[in-house]
Each structure stands twice: as structure tokens, then as C-alpha cells.
Amino acid sequence: MADLVPSAPGGAPRHLRLDTLVRLRWLAIAGQSVAVAGVHFGLGFSLPFGWCFLAIAVSAWLNIALRIRFPLSHRLREGAATALLGFDILQLAALLYLTGGLQNPFAILFLAPVMISATALPPRHTLALGLLAAGLATLLVFVHWPLPWAGAERPVLPWQYQVGNWIALLLGLGFTGIYAWRVAKEARDLSEALAATELVLAREQHLSQLDGLAAAAAHELGTPLATIALVARELSRLAPPEGEMAEDITLLREQVERCRGILGKLASLQDDDAGPLDQLSLRLLIEEAAGPQRPFGVPFEIALTGDKPEPICRRNPGMIYGLGNIVDNAVDFARSKVTITAQWTEGAVMLTIADDGPGFPPEVLMRAGDPYLSRSHAKESRAGGGLGLGLFIAKTLLERSGATLEFSNLPLPATGANIRITWLRAVFERDDRPAGPSNPELLAPYATE
């Protein structure tokens, strides 16, 4: 019962804006220029000033060429963005080669292009840039010009220090790259999942607006129908009382009255008082969520317990869709039945949906409700594989109705997944529900009832 809908919308290309890389490179150019000029003129250290500024000038010329060739809004393909970041690594390596190699404390800047790639490019591109940076860093341990220094005697740093710098740089490349990639991936996954949730809500909202369109259509059709009724009445007055024409006119007037009745019902769909269709008892809520799944041949066991009166909520498309998603998932995994248990007290309303299938794998149970589980988790949790987006959408929609969800497996020796949905009764029965889940501390007294 780990996920509900098929694959994620992920996999779309992620294109960096050229303007972003150009601005970052201008920042690097300014920093490199200040550092080289400060060391040479401010500290009086000896370094190949001309060669250093040549390396910086190449980077500046590239920026100018990119500005001339492409508009500010241009987005780079993955290969082009990787090539530009690779150039930045090579340019930094050239500066470090001229100024002491890994003995230069600015060697830590190797991390910057790799981190940018990790946040915006696929892992294989980030790995290639990381290997390039690691290879150049290793080369700079052995091949470099002397570290800039004042005076004739330059300090010679111990080889252990240089090896330590090299190890620290490699660890930094690995850690920061993986960390930045993971954080960016989670942010992208959450953003895509929320976008999918908004699409579901928009669809439900669109369906709920159809009654408004029906009312408008009824209003527009009212005038021509009144004209038809008037003509039919005149024909009835003028036609002979007996004969086929009289029968046809009578039939016409009956059908006009029938149309009036239908249009009257359509026009009333937008009324504030929608009658019994606008209110759902807990039993009817369960039936509406489970009804579409009954034709699939998996029997339902539904039990309701609690003192009268039974809780009644206002019809909420998001709540019905979320519950329906969970029930659909339970039907997919159930071996022989799905059990839906509803309980209520004066303070809370609890709904438990369980199946007798394999249940949640432990690693999936820890992340139940997160969007886009890894494919290995997806394979273990569902034959055919989804990525957890459906459960995320269901959880989001139900939490917007004020519910709190708990995911667990049935206690041994039984097997199966168990999802408990709990509302404060005041939240369940009122019309203006909050956007977030109910306070777990308030629900705690009812959790074991």
C-alpha cells in the first residue's frame, strides 16, 4: 500500500539559465582579480602576475562572447552547462598551477562548480565534473609553480600537509556534491508533487463548477422554452379538441413541462442550500469513496461504531478523492478483502482502512506519504511500480480537510497495511476546515479508543 498512482512527472530536462552562470563567473572574475592584485601589490608577494591575469582575461572574454551571442533568457542544455562549468574548473586549475597548487588555500574553490552542477544537473554530469576536479587536484599536488611569498626564501610545506589538503578537497567534493544533489532533488520532488496535487484539486474544482454552468444553461434556455410553451398553448386553443393534432399538441405541452422541471433542478444546483446532496454522513462518505472500487471483485467489510448521532460533514471533493485513492490502493494489494472501520466519539472521528496484502516494507513505511520513493523502494512496495505520488496526494488532500494520518502494518500473525485517518469531530463537522492537519496532541486521547 505504498503508493497509488503511476510514475512521477520527473525526468524532464533541467536547463540552467545562461545568465545565472555568467553572473556567477563575473563574481569569480572579480574575486580572482582582487586576490591576485592584493597578493602582488598589497602584500608584495612574487607571483606570475601577467600569466594570472591572462587566465582571468580568458574567462572574462568567454563571458562577453556569451553575452553577445545569446539573450539573457537563454537556457543551456545539460551538455552545454556541463562544458561551461568544466571550463571554470580548468581556469581555476590554471590559476592554482601558477600560484602554488594545492598549497594555495583558494584550492577549496574547486567545490563551487561541482556544487552548482549538483543542484541543477543530472548526477552523471556532476560525477564527470567531480572526477575532473579530483584529477586536476591530484595533478596539482605534483605539478605547480612555487607558492607566492615575500623574500628570497619560500616556505616548504610538509608533504603530509599537502596530502591532507588533497584528501580534504576530495572529501569536500564528494560530500558537498552528494549533499547539494540530495537537497535539490528533494526540493524538486516536493515541488513536482505539490504541482500534481494542485492539478488534482483543479480537476475537482472544475468538476464542481459544472453545476454553475448547468445553472447558467438552465437560465439561458428558460426564455426559448417559455416561447415554445406559449406557442403550444395557442395551438391548443386554436386546434380542434379531437384528432391527431390535439394529441400531438398535448404531448408537446407535457414535454415542455418536463423540460421546465429539468431546468428547474439544474438551476437549483448552485443554491446555497443544496439539500441532502451537500451533506454526507460518515457512512455515506465511506460508500462514496469505496463505491467505484466495488466492481473489481474484492469484498469490503465495513463496520461503524459510536453513539448517535452519526457525524455529518459537508461534501468535500478533496476528502472524497483522497479516501478513494487510499481505498483503491488497498484493493490493489488485498488478497481477499478490504476492511474499513469507522469510529467516533464526542471529540474525534476515526477511519481505518486495512487490507490483507503484504503490507508496507519497513523502508517504505518509514517514508510513507513522501513523494517519489526511490525505484528500489517502489519495486518492493508495488508490482509494476509507482513512486509514492498518489499516497502523497491523498495525504495532502486529507490533511487539508483537517485529518491526521498514521501508517502501519497489521500486528502479527496477520499481514496487511493499515492506514488510520483521524479528525477532531468539530473539524470534521464544520464547513470552514483548516488547511493543515489537526493537532496530534488533541487527538491523542482518542487514538486508542
Side-chain angles (χ1 to χ4, degrees), residues 8 10-11 13-17 20-21 23-25 27-29 31-32 35 59 76 78-97 99-144 147 157-193 363-364 366-367 370-378 387-388:
R14 295 164 286 186
H15 295 162
L16 269 172
R17 288 182 67 219
T20 301
L21 289 184
R23 288 176 181 271
L24 289 173
R25 188 176 292 113
L27 184 63
I29 290 169
Q32 291 168 357
S59 188
L76 297 165
E78 295 167 353
T82 303
L84 289 177
L85 291 172
F87 168 82
D88 292 333
I89 293 174
L90 290 170
Q91 189 257 2
L92 177 61
L95 282 175
L96 291 174
Y97 168 76
T99 56
L102 286 197
Q103 299 179 56
N104 190 324
F106 287 101
I108 194 69
L109 294 176
F110 270 131
L111 300 179
V114 177
M115 184 177 296
I116 294 171
S117 173
T119 59
L121 297 177
R124 65 181 184 277
H125 294 265
T126 302
L127 178 61
L129 291 173
L131 292 175
L132 175 63
L136 291 174
T138 304
L139 185 63
L140 289 172
V141 173
F142 305 102
V143 181
H144 57 80
L147 183 70
L157 298 178
W159 68 269
Q160 295 93 335
Y161 176 81
Q162 298 186 55
V163 171
N165 268 354
W166 177 76
I167 294 175
L169 182 59
L170 294 189
L171 291 176
L173 287 170
F175 176 77
T176 58
I178 294 173
Y179 180 80
W181 170 78
R182 185 64 184 175
V183 170
K185 180 179 182 299
E186 289 183 357
R188 285 192 297 267
D189 287 349
L190 184 60
S191 176
E192 291 173 355
E363 58 275 11
V364 172
M366 292 187 294
R367 298 190 56 200
D370 287 353
Y372 304 141
L373 300 176
S374 69
R375 296 198 176 274
S376 60
H377 290 168
L387 293 178

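In what follows, every heavy atom counts, from backbone to side chain, and hydrogens, waters and symmetry copies are set aside. These figures come from a predicted structure and were not determined experimentally. In this chain, numbering begins with 1 at the start of the sequence shown.
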- L169/F110 under side-chain contact (heavy atoms from CB on, under 4.5 Å): CA gap, chis, key distance, verdict: CA-CA 8 Å; L169 182 59; F110 270 131; 3.6 Å; yes
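- The closest side-chain heavy-atom distance from R23 to R17 is not below 4.5 Å.
- For the pair A118 and G177, the tightest heavy-atom approach, listed with the atom from each and the gap, is CB-O, 3.2 Å.
- Using a distance-only test at 3.5 Å, with no hydrogens or angles considered, no donor-acceptor pair links the side chain of S117 to the main chain of P113.
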- Message: Test side-chain contact (heavy atoms from CB on, under 4.5 Å) on R25 and L84; report intermediate values, then the result.
- Response: CA-CA 10 Å; R25 188 176 292 113; L84 289 177; 3.7 Å; yes
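- Atom CG of L132 is separated from atom CG of L85 by 10.5 Å, given to the nearest 0.5 angstrom.
- Taking CG of L127 as the start and CD1 of I178 as the end, the distance is 9.5 Å to the nearest 0.5 Å.
- Contact between F106 and A35 at its shortest, heavy atoms only, is CZ-CB, 4.2 Å.
- In this structure, T176 OG1 and L171 CG are separated by 10.0 Å, a value rounded to the nearest 0.5 Å.
- N104 meets the side chain to side chain donor-acceptor pair (under 3.5 Å) test with T99; sequence neighbours excluded.
- Across every non-hydrogen atom of A133 and V114, the tightest pair is CB-CG2, 4.4 Å.
- F175 contributes atom CZ, which lies 11.0 Å from atom CG of L111 (distance to the nearest 0.5 angstrom).
- Here the CD1-CD distance, from I29 to Q91, works out to 7.0 Å after rounding to the nearest 0.5 Å.
- Closest of all the heavy-atom pairs between Q103 and N165 is CA-ND2, 4.5 Å.
- Atoms CG and OH, on L136 and Y97 in that order, are 13.0 Å from each other to the nearest 0.5 Å.
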- Task: Report the C-alpha distance between I89 and L129 in whole Å, list the side-chain angles of each, state the deciding distance to 0.1 Å, and finish with yes or no for side-chain contact (heavy atoms from CB on, under 4.5 Å).
- Result: CA-CA 8 Å; I89 293 174; L129 291 173; 4.1 Å; yes
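- Taking all atoms of both residues into account, the shortest heavy-atom contact from G79 to H125 is N-CE1, 4.2 Å.
- Heavy-atom minimum distance, A81 versus L121: CB-CD2, 4.0 Å.
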- Derivation of the side-chain contact (heavy atoms from CB on, under 4.5 Å) call for L21 and I116: CA-CA 9 Å; L21 289 184; I116 294 171; 4.2 Å; yes
